[in-house]
Amino acid sequence: MKRFDLRHLHNDFCARMGELINTELMQGEVGIFLFEIDDFSNVAKSAEFVCSMGHEVMNSVRFNHRDWTLVVRKSSSQMSNLESISQKELQSPISQESAKVGDE
């Protein structure tokens, strides 16, 4: 587990957080990111950003009146591949059923 203080970046911390996840965390390792909440929309943006990278947001907590912590687990590439395959398999039967219904 590693801790990263991004408070000095104010609202411009997402790019650096992504860089740190990619370079400083090993597959399956947990990182704790501390950032300043000038704007509460940064909380949602940061969680969405991490999820869009294919990693897991484990926790999102207000640290004090000014700071927020985001706990992230770096997903392994195998886990991401399995998840995408599973989603494709789930979508395939549904789309096939929809096509059958449309043909009738």
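Reckoned from all heavy atoms, side chains included, excluding hydrogens, waters and symmetry mates.
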Check: His55 side chain, Ser75 main-chain N or O, donor-acceptor pair, under 3.5 Å: yes

Hydrophobic cluster identity match, Met1 and Phe33, side-chain contacts under 4.5 Å: no

Euclidean distance, Asp39 CG relative to His10 NE2, rounded to 0.5 Å: 14.0 Å

Pair Asn11-Asn42, side-chain donor/acceptor within less than 3.5 Å: yes

Verify same cluster id: Met26, Met58 (apolar side-chain graph, 4.5 Å): no

Nearest-0.5 Å distance, CD of residue Glu29 to CD of residue Glu24: 9.0 Å

Residues Arg66, Asp38: salt bridge by 4.0 Å N-O rule: yes

Whether Phe35 and Phe13 hold their rings parallel, tilted or perpendicular, with breakpoints at 30° and 60°: parallel

Hydrophobic cluster membership, Phe4 vs Leu34, 4.5 Å side-chain cutoff: no

Non-hydrogen side-chain atoms of Leu9 and Met17 separated by less than 4.5 Å: no

From CD (Glu48) to CE (Met53), nearest 0.5 Å: 14.5 Å

Heavy-atom pair of closest approach, residues Cys14 and Ser46: SG-CA, 4.0 Å

Joint hydrophobic cluster, Trp68 plus Phe63, side-chain heavy atoms closer than 4.5 Å: no

OG1 on Thr69 to CD1 on Ile37, rounded to 0.5 Å: 10.0 Å

Backbone N/O of Ile32 and side chain of Lys2: donor-acceptor pair under 3.5 Å: no

Euclidean distance, Leu70 CG relative to Ser60 OG, rounded to 0.5 Å: 5.0 Å

N-O pairing of Arg16 and Glu19 below 4.0 Å: yes

Phe49-Val43 co-clustered via ILVMFWY side chain contacts under 4.5 Å: yes

Side-chain donor-acceptor pair present, Asn64, Asp67, cut-off under 3.5 Å: yes

Partner of Arg73 by side-chain contact (heavy atoms from CB on, under 4.5 Å), out of Asn59, Val30, Val57, Ile21: Val30

Backbone N/O of His65 and side chain of Arg62: donor-acceptor pair under 3.5 Å: yes

